[in-house]
Undergrad: 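Dropping a structure here in structure tokens format, bear with me for questions.
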Amino acid sequence: MDTTAVKNKFEFNNNVLSFFNKSFYYLESFSTLKIDTLNKYDAIILDARDVEFARIILKKFRSHSNLDFYLKPIFLINTKPNNDPLLKELVDGNIVSFDQIPETINDINQISIKTAQLESSNSNSFEIQLFKKVLNFMFTRETNTFTPHPDINSSIGYCYPTISVNFETFEEAKVLELLEWAEKENLIWPDFLDRVYLCSNCKNGHLSYREICPNCDSANMRSEDLVHHFPCGYIGAISDFKNNVDTVLNCPKCSKNLRHIGVDYDKPSIINHCQNCNEVFQDYLVKAKCAHCKTDTDVQFLVSKNINVYKLTKKGRTAAVGGISAADFALSDEIFGTVNLKTFATMMHYEQERIKSNAALSANIVIFYIENIFDLYRKIGKSKERELLAEFVNIVRDGITPADFICINNPSVLSVCMNDVALNDAQLMVMKITDKLEELVYNNFEGFALNVVTQTVELSKEQSFDKQLHTLIKEIVEKG
Amino acid sequence: MIDAFDEFLNYITTVGPLKLLRIFWFFVYFEFARFFVFELAVVVVWKLREPARKILYSNARRRLFIERPLVSIIVPGKNEGLHIYKLANSLKEQTYSNFEFIVIDDGSDDDTERICKSLQKNGLIDLFLRNDVRGGKASAANLGYRFSKGKIIVHLDADCSYDNDAIEKIIIPFYLDDNVGAVGGNILVRNYRENLCTTLQAIEYSDTISVGRITSSALGIYRVVSGAFGAFTREALDRVGGWDIGPGLDGDITVKLRKLKYRIVFEPEAICQTSVPNSFKKLIKQRLRWDKSIIRFRVRKHRDVFYPNETFSFSNFISSAENITYNLLLNIKWWIYLFDMAINYTSLLKFIFPFNILLYTANNFLKFIIFSLFRNRKNAPVIYFIPYLPCMVIYFGFYLRFVRTVAYIQEFFFKRSYKDAWNPQKSSAHAKELGI
């Protein structure tokens, strides 16, 4: 990049450009990459001569969980023609030289104003956390449509850039799950575009469709016309009628030559011969082999998914600014051995009354905050959420006494009431439970390091339980 | 009337037996002698040989179950989907289980394809073959035979049902005699209670067809292996190239096999039940088709069985001659008899006809009751059919004779079988051209 001209107009130092109180970071290679420091710049000028490089950087920004990163204005420079949907949808513009930087100022200001309007809200589920982030991006970029793009890199053949950027390309099916959730929450409205068929095992759309023998599943087969010779009624594969001398077809039954299709013979159907097991059949099976997990599935068992163009509903547009108020999670109802928050609060009130009546009695509140649970869900898929939480609850249950009770506040927070145990003992028990939780995830999800933060306090007889719980959760989240 | 009858009785007692024979010659020479006395003699001998046959049969059964050859059951048909499920289920009950079940859909335009594909998917059919364009029953049967793998091919009709040992029974005769090329099964009428038409056919099947086939088989002149239930060795079918185009392909293939000196036998214990036409109008259509085949195949296509050439066989000669004589010629003679009586005994016609009917009815009762003693398997107790037996004179003596006469005229003079919609015109036209 020739920076001579640039220096005349802009201050350019160590890839940082300043113009009208705006600072830009010019990112041209991995060697200039200082991702942790980039949130202090107003915008990024990303050199797109190397499309793959640009793609990786863009993905790093847009998939970041920090709002300062994922909403960062990014402009491409030196863009070459390409069909990458991420490079088209997730940048704020293309410039051909630094001379065009002044033209970006207005966009940067707009994004900044819009970003300032965003209200922070506590997210209580993976879907809400992620979708809120996507909505924030759409709000600041003034778009309200999720348009699917055919994408060779996507595991389902399509990608929704604003959402897909948060997932690996092989887990694109999770994008569809998220969209289905949002549709169910009336945040978006679908308009059918296409349909894809996915592997029933891994939800991958890179399938190899094969016609196979119904007996041995081999694709090694030969198809032939059936020939019906009218005068004698013989019917068989066309090879029955061929000879080694000439191309004339002779009937093997009456030895007559076949002359005129429709007059003395016809071809009423076809027959397939399996070259592997010698089976003869007319209807072959169609199976789809997944390029990802190698599962061979009968096509009728493939997972069919609609690819829709989604538009934000009124609720969705409101949620983009104010946050998502999703339908209540009924995890406590679904996971055995837990109570919901309302019941938990009621029981804690009784508990307070109980310890008030006898000074010898005590109770502790324990909060388990699983800080990076949503990273884990992103990795394993939302569908596993309930199974995983059930496992967590089982571990907690094994580590406490039968009289204690557990509440799932949200997928990242569990509250436990531990009765008549000294605080020290309770803390010890909690430590053991935490180790088990982390061990479970580490062993089952490719060494994923679960970050569990805990807080164990004695239940106050005086302060209202709701207030105690609220303070505890606030502290623990901030601590995390 | 009583006076007149007295007068007739007086007349016949006066004229003596020779004169009576002159008046009732048709009944005495043909109906009574051939279809009662002769058949009775044969079935009595057949019955007397039963103990010896049972030993041979038991040995043959043992040989069958030691070898356990693959049997290919082929069922060609058009729009038979609804029957196939029942048939598939009944085959599951068979005592002989080493078979492949092949269904050939000859261009059905209903749900047959969907039903059969579903059955194939669920393992009730081993091979389902379909011709999108209808080719006729022969081509459908040939298609099934072409892609079958069994040593023995059993041809069934989709709308029939079978005793659970029917497959075993029909293939045992192949182990009684290595020269057996085909075996015909015994067909009973399933819907015999439906109406008069079906009841009369049930009597006909059990009497004429069943006992008639026991007789012809015992004499070595059995001539029609029914398409509803017939078994063939692959070797025999290979030699004749499968079925030729019909109608009448069952009789045709039997003659072709006979010409190759194969033994063709009837197995009365291999039971198949079928639904016969339930109206006289439908029955006419069926019988016209059947009866035309005598002219088409016996008189025309296979007339060479009467020629003294190198393939000549006395049993084939008798088989065809007997068939032509007792169906075609007897039918003509019956009309001659009518004219003979009308011309020579005009004044006695009023006595001759009632007496003839009396004779025939008495004969029918006698035959049905006596022959029922030789039938191991019956549709219903003999008593059920007794009230209907008087109707057989009209049914057999007039109705069927009339239909047969029409069929012979149509085929002999107009070759109407080639225009029968039962077979597609594209192949019938060629058959007519080739005279087959």
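In the text below, chain A, chain B and the rest are named by the order of the sequence lines, each starting its count at 1.
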Undergrad: Does any non-hydrogen side-chain atom of B:Leu82 lie less than 4.5 Å from one of B:Ile115?
TA: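 Yes. Closest side-chain heavy atoms under 4.5 Å.
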Undergrad: Please determine, among B:Ala141, B:Gly135, B:Ala431, the option with the most heavy-atom pairs under 4.5 Å with chain A.
TA: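 That would be B:Gly135.
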Undergrad: Below 3.5 angstrom, are there any donor-acceptor pairs between chain A and chain B, and if so, which atoms and how far apart?
TA:
{"residue": "A:Gly233", "atom": "O", "partner": "B:Asn142", "partner atom": "ND2", "Å": "2.7"}
{"residue": "A:Asp240", "atom": "OD1", "partner": "B:Arg146", "partner atom": "NH2", "Å": "2.9"}
{"residue": "A:Asp240", "atom": "OD2", "partner": "B:Arg146", "partner atom": "NE", "Å": "2.4"}
{"residue": "A:Asp240", "atom": "OD2", "partner": "B:Arg146", "partner atom": "NH2", "Å": "3.3"}
{"residue": "A:Lys253", "atom": "NZ", "partner": "B:Gly241", "partner atom": "O", "Å": "3.1"}
{"residue": "A:Lys253", "atom": "NZ", "partner": "B:Trp243", "partner atom": "O", "Å": "2.7"}
{"residue": "A:Lys253", "atom": "NZ", "partner": "B:Asp244", "partner atom": "OD1", "Å": "2.6"}
{"residue": "A:Val263", "atom": "O", "partner": "B:His430", "partner atom": "NE2", "Å": "2.5"}
{"residue": "A:Asp266", "atom": "OD2", "partner": "B:Lys426", "partner atom": "NZ", "Å": "2.8"}
{"residue": "A:Pro268", "atom": "O", "partner": "B:Asp132", "partner atom": "N", "Å": "3.0"}
{"residue": "A:Ser269", "atom": "OG", "partner": "B:Arg130", "partner atom": "O", "Å": "2.9"}
{"residue": "A:Gln282", "atom": "OE1", "partner": "B:Arg130", "partner atom": "N", "Å": "2.3"}
{"residue": "A:Gln282", "atom": "NE2", "partner": "B:Arg130", "partner atom": "O", "Å": "2.9"}
{"residue": "A:Asp283", "atom": "OD2", "partner": "B:Lys117", "partner atom": "NZ", "Å": "3.0"}

Undergrad: By a 4.5 Å heavy-atom criterion (distance strictly below it), what part of B:Leu129 contacts chain A: side chain, backbone, both, or neither?
TA: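 B:Leu129 touches chain A through backbone and side-chain heavy atoms alike.
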Undergrad: Working to the nearest 0.5 angstrom, can you tell me the gap between B:Leu156 CG and B:Phe229 CZ?
TA: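 If I round to the nearest 0.5 Å, the distance is 6.5 Å.
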Undergrad: Quick one: which of B:Ile104, B:Leu119, B:Val103 gives a side chain to side chain contact (heavy atoms under 4.5 Å, CB included) with B:Phe128?
TA: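 Checked B:Ile104, B:Leu119, B:Val103 against B:Phe128; only one passes side chain to side chain contact (heavy atoms under 4.5 Å, CB included): B:Val103.
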Undergrad: Let me confirm one number: the SG-CG distance from A:Cys159 to A:Asn153, rounded to the nearest 0.5 Å.
TA: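 That separation rounds to 8.5 Å.
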Undergrad: Enumerate, atom names and distances included, each donor-acceptor pair closer than 3.5 Å involving a side-chain atom of residues 195-203 of chain A, sequence neighbours excluded.
TA:
{"residue": "A:Arg195", "atom": "NE", "partner": "A:Asn306", "partner atom": "OD1", "Å": "3.0"}
{"residue": "A:Arg195", "atom": "NH2", "partner": "A:Asn306", "partner atom": "OD1", "Å": "3.2"}
{"residue": "A:Asn201", "atom": "ND2", "partner": "A:Thr295", "partner atom": "OG1", "Å": "3.3"}

Undergrad: Tell me which of these, B:Leu143, B:Ile245, B:Val240, B:Leu249, has more heavy-atom pairs under 4.5 Å with chain A than the rest.
TA: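 Top count of heavy-atom pairs under 4.5 Å with chain A: B:Leu143.
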Undergrad: Under 4.5 Å from any heavy atom of chain B, what part of A:Ile271 do you find: side chain, backbone, both or neither?
TA: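 For A:Ile271, the contact with chain B is made by the side chain alone.
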Undergrad: Give a yes or no answer on whether the side chain of A:His206 reaches the backbone of A:Ser154 with a donor-acceptor pair at less than 3.5 Å.
TA: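 Pair found, side chain donor or acceptor close to backbone of A:Ser154.
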Undergrad: Taking the six-membered ring for Trp, are A:Tyr160 and A:Phe146 parallel (under 30°), tilted (30 to 60°) or perpendicular (over 60°)?
TA: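 Perpendicular, since the angle between the ring planes exceeds 60°.
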Undergrad: Of the listed residues (A:Cys232, A:Pro214, A:Gly233), which shares the most heavy-atom pairs with chain B below a 4.5 Å separation?
TA: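 The residue among A:Cys232, A:Pro214, A:Gly233 with the greatest pair count is A:Gly233.
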Undergrad: With a 3.5 Å distance limit and no angle check, can you tell me whether A:Asn308 reaches the backbone of A:Tyr310 through a side-chain donor-acceptor pair?
TA: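 Pair absent, no side-chain N/O of A:Asn308 close to backbone of A:Tyr310.
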